[in-house]
> 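Sharing a structure below in structure tokens format, with a few things to ask.
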Amino acid sequence: MSVELPFAPVDDIIRRHADGLRVSADAAAALAERIQERGAALAVDAAAEAEADGRKTLMASDFGASEEELPPAETLALPVAPVDRIARLDIDERFRVGTDARIALADRLEAYADDVADGAAVLARHAGRRTVQAEDVDTYCRLQGE
């Protein structure tokens with residue numbers, strides 16, 4: 001599976017939580033892959049909800065958000081276009097992904113990325129390293145049951 005998400009915004013998310021630690025390119029790649037897997041899975045669940053409602057368009061509510069609580073797209077670190085491609089990875093092509101759904105998914109994925117990045121930084125510090133590495137991302141996710 002190719003990763004649809006550019007690494008630069010993912011690297012920025014990790015750096016937000018690294019508090020002066022360095023971030024390896026492998027850590028950004030590992031987190032980008034985890035974000036993509038999570039996004040594709042969330043889209044599959046959202047498509048099931050849309051289908052149950054007799055819709056072919058995924059909406060923000062299918063991702064647990066209302067249009068009123070969505071942040072402006074430009075305030076998100078994760079770009080919406082790659083998130084749209086992630087949403088379409090594992091869903092049937094007859095489904096459309098609404099603009100509000102893309103933003104809702106990007107918001108959920110960014111919150112997930114923030115959590116993983118924070119945990120990975122804690123693990124790097126605990127290991128006595130000055131660099132967040134892919135193993136920190138993988139270990140944190142494994143500890144969370146992923």
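Just so you know, these numbers use all the heavy atoms, side chains as well, and skip hydrogens, waters and symmetry mates. As the structure is a prediction and not an experimental result, all values here were calculated from the model.
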> To the nearest 0.5 Å, how far apart are CE in Met59 and OG1 in Thr99?
12.5 Å
> Looking only at heavy atoms, which two atoms of Pro82 and Leu5 are closest? And how far apart?
CB-CD1, 3.9 Å
> Evaluate the side-chain proximity of Ile91 to Val97: yes if any heavy-atom separation is below 4.5 Å, no if none is.
yes
> Determine whether a donor-acceptor pair (N or O, by modelled atom type, separation under 3.5 Å) exists between the side chain of Ser24 and the backbone of Ala27.
yes
> Specify the closest pair of heavy atoms between Leu58 and Asp100, including all atoms of both residues, with the distance to one decimal.
O-OD1, 4.4 Å
> Do you know the tightest heavy-atom contact between Arg85 and Glu4?
NE-OE1, 3.0 Å
> To the nearest 0.5 Å, how far apart are CG in Asp84 and CG in Leu105?
9.0 Å
> Would you mind checking if Lys56 and Glu51 are paired as a salt bridge, meaning a charged N to carboxylate O distance below 4.0 Å?
no
> Mind checking the OH-CG spacing from Tyr112 to Leu78? Nearest 0.5 Å is all I need.
12.0 Å
> Looking at every heavy atom in both Leu70 and Ala65, which two are closest together, and how far apart are they?
CD2-CB, 3.9 Å
> Going by the side chain to side chain contact (heavy atoms under 4.5 Å, CB included) test, name the single residue among Ile14, Thr131, Val132 that passes it with Leu21.
Val132
> Indicate yes or no: at least one non-hydrogen side-chain atom of Gln133 is less than 4.5 angstrom from one of Asp136.
yes
> With distance as the sole test, does Asp53 use its side chain to make a donor-acceptor pair with the main-chain N or O of Arg55 at under 3.5 Å?
no
> Does Arg108 qualify as a cation-pi partner of Phe63, given the criterion of NZ or CZ under 6.0 Å from the six-membered ring centre and within 45 degrees of its axis?
no
> State whether Asp138 and Arg142 are salt-bridged, where the test is any N-O pair (Lys NZ or Arg NE/NH1/NH2 against Asp/Glu carboxylate O) under 4.0 Å.
no
> Quiz question: by atom type and distance under 3.5 Å, do the side chains of Asp115 and Tyr140 form a donor-acceptor pair?
yes
> Does Arg94 CZ have over 12 foreign heavy atoms under 6.0 Å away?
yes
> Are the side chains of Arg38 and Ile35 in contact, using a 4.5 Å heavy-atom criterion?
no
> Any salt bridge linking Arg16 with Asp12? Criterion: basic side-chain nitrogen under 4.0 Å from a carboxylate oxygen.
no
> Kindly give the heavy-atom pair with the smallest separation between Arg88 and Phe95, and that separation in Å.
NH1-O, 4.0 Å
> So, does Glu37 use its side chain to make a donor-acceptor pair with the main chain of Arg34 at under 3.5 Å?
no
> At their closest point, which heavy atom of Ile103 faces which heavy atom of Pro71, and how far apart are they?
CG2-O, 3.4 Å
> When you group the ILVMFWY residues by side-chain heavy-atom contacts below 4.5 Å and let the links chain together, are Ile86 and Val44 in the same group?
yes
> Does the Arg125 side chain pair with the main chain of Ala18, one donor and one acceptor, at a distance under 3.5 Å?
yes
> Between Asp11 and Leu31, is any pair of side-chain heavy atoms under 4.5 Å apart?
no
> State, yes or no, whether a side-chain contact exists between Leu89 and Gln36 at a heavy-atom distance under 4.5 Å.
yes
> Hey, are Glu135 and Arg129 close enough for a salt bridge, meaning a charged N less than 4.0 Å from a carboxylate O?
yes
